[in-house]
Amino acid sequence: MSQPQPVLANLTGAAVFLVLTVEEGGEQAVRDLLPDLGGLARSVSTRAPHDGLSLVVGIGSDAWDRLFAGPRPAGLHPFEELAGPRHLAPATPGDLLLHVRAERMDLCFELATRVTGRLGTAVSVVDETHGFRYFDCRDLIGFVDGTENPVGRDAADAVLIGDEDPAFAGGSYVVVQKYLHDMDGWNALSTERQELIIGRTKLDNIELDDAVKPADSHVALNTVTGSDGEGLDIWRLNMPFGSFTEGGECGTYFIGYARDPWVTEEMLRNMFLGRGPAAHDRLLDFSTPVTGTLFHVPSADFLSDPPPAPGTAAARAQADAPSAPQPPAPSANPAVRDGSLRIGSLKRSPSP
């Protein structure tokens, strides 16, 4: 498998999330930067080698065909807006995602500065969020977030593309959403009521028994299974954010990596459109998404040697070259697969 980007690096104390759009004519500046990203990250990290600095870059569906000739990742498409009976998950613009994380914000800021400085006017920043670790990895609503991420080989199986799309093996997909919290409304609830909405205990982070966990709880609607009944997992690196300016906002930046974006999308469909007796995820009554974008995360090898730009002589030569037989395209829905993926469980995962 190709060398992946550092998607599976651990949660850190700080992060910068940047969503960018590529301006008309800015494509070459982006292409020129891609092979240098790893070197930029290493240069900054040498100042504090033990503080876990990493950079992951994602590319959106609309930008892909502007940047690269040749095939597209099988699962790459625009984020689908979800309009439920009471709540909306909007689809918002985004051509590039920069996910910068480290134990220290100064390292994140320095690397983000270098990358955006290289891009200059070739891009526009459409969303910037600075995340921080809150006590023992809790969300601002007081519950532990993401403690049931898969580990070891299970994590790689859940997140990294394999033989189902060999041209993009070692890559991944990522969905990002910026959720704003109604903290006054949430804090007016009793702890017991909050626990029923989330589906876990607040103090010790234990999942409620199925007999008492409501069907519209956050945990219940985050359970996604394949055709074999096995749970399908994602890799969450959510972080709280907030400000104190007039009209200041606070919330959770949801960022979920997956081998197949259908898994994350199915979780969101459950939350916003409902499933079974649940009309929607009750947490959405207190937490509202204002952004939503899907990106493909290429392998590090892809970034080091990207395909030619569209319309170039190299692209035409690539198109004219005989191609090797391709395996059948995978189903977009893991629930109809033969069950061989076996990538863990969302049952105990407490968030987006």
Side-chain angles (χ1 to χ4, degrees), residues 1-7 20-22 24-38 56-80 91 93-99 122-123 156-176 234 256-265 293-334 336-338 340-341 343:
M1 180 182 290
S2 297
Q3 177 67 30
Q5 293 190 64
V7 170
L20 316 173
T21 53
V22 180
E24 191 68 32
E27 294 84 2
Q28 192 56 49
V30 174
R31 289 180 51 82
D32 290 344
L33 174 66
L34 295 180
D36 296 340
L37 289 172
V56 172
V57 177
I59 301 170
S61 180
D62 292 343
W64 189 273
D65 295 331
R66 296 169 57 194
L67 294 171
F68 311 119
R72 290 167 55 92
L76 181 59
H77 55 267
F79 182 85
E80 179 184 356
D95 292 331
L96 298 175
L97 170 69
L98 303 179
H99 179 193
V123 300
D157 286 344
V159 172
L160 300 179
I161 298 168
D163 293 340
E164 71 274 14
D165 194 7
F168 299 97
S172 188
Y173 296 94
V174 62
V175 170
V176 296
I234 66 174
Y257 291 93
R259 178 176 184 165
D260 189 327
W262 179 90
V263 180
T264 311
E265 292 170 324
T293 319
L294 168 68
F295 301 90
H296 175 67
V297 178
S299 68
D301 293 342
F302 181 101
L303 296 179
S304 297
D305 185 20
T312 61
R316 289 190 291 272
Q318 182 186 73
D320 292 340
S323 58
Q326 296 297 310
S331 166
N333 181 340
V336 300
R337 293 180 182 159
D338 63 5
S340 62
L341 193 55
I343 55 176

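None of these values were measured; they are calculated from a predicted model.
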Q. Say you draw a straight line from CD of Q3 to CG of L303; how long is it, rounded to the nearest 0.5 Å?
A. 11.5 Å

Q: Enter the distance from Q28:CD to L67:CG here, rounded to the nearest 0.5 Å.
A: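 Here the rounded value is 9.5 Å.
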
Q: Give me the one residue out of V7, L97, L37 that meets side chain to side chain contact (heavy atoms under 4.5 Å, CB included) with V56.
A: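 Answer after filtering V7, L97, L37: V7.
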
Side chain proximity check, [X] to [Y], heavy atoms < 4.5 angstrom:
X: V176; Y: F295; result: yes
X: S299; Y: P4; result: no
X: F79; Y: V175; result: yes
X: L96; Y: V30; result: yes

Answer yes or no: is there a donor N or O on one side and an acceptor on the other, between the side chain of [X] and the main chain of [Y], under 3.5 Å?
X: D165; Y: A74; result: yes
X: S304; Y: A300; result: yes
X: Q5; Y: P298; result: yes
X: R66; Y: G26; result: no
X: E27; Y: V22; result: no

Contact summary for [X] and [Y], nearest pair of heavy atoms:
X: P261; Y: L294; value: CB-CD1, 3.9 Å
X: D95; Y: A63; value: CB-CB, 3.6 Å
X: L34; Y: F68; value: CD1-CZ, 3.8 Å
X: A69; Y: P307; value: O-CB, 3.7 Å
X: I59; Y: L76; value: O-CD1, 3.9 Å

Q. Please walk me through it: do H77 and H296 pass side chain to side chain contact (heavy atoms under 4.5 Å, CB included)?
A. CA-CA 9 Å; H77 55 267; H296 175 67; over 6 Å; no

Q. Taking it one step at a time, do L98 and V57 satisfy side chain to side chain contact (heavy atoms under 4.5 Å, CB included)?
A. CA-CA 5 Å; L98 303 179; V57 177; 3.8 Å; yes

Result block: side-chain N/O donor-acceptor pairs under 3.5 angstrom for residues 166-173, not counting sequence neighbours:
{"unit_1": "S172", "atom_1": "OG", "unit_2": "V159", "atom_2": "O", "d": "2.8"}
{"unit_1": "S172", "atom_1": "OG", "unit_2": "A258", "atom_2": "O", "d": "3.2"}
{"unit_1": "Y173", "atom_1": "OH", "unit_2": "G75", "atom_2": "N", "d": "2.8"}

Q: Answer yes or no: does atom CD of E80 have more than 12 heavy-atom neighbours from other residues, nucleotides or ligands under 6.0 Å?
A: no

Q: Sequence neighbours left out, what passes salt bridge (charged side-chain N to carboxylate O under 4.0 Å, His left out) with D65? Give chain and number order.
A: R72

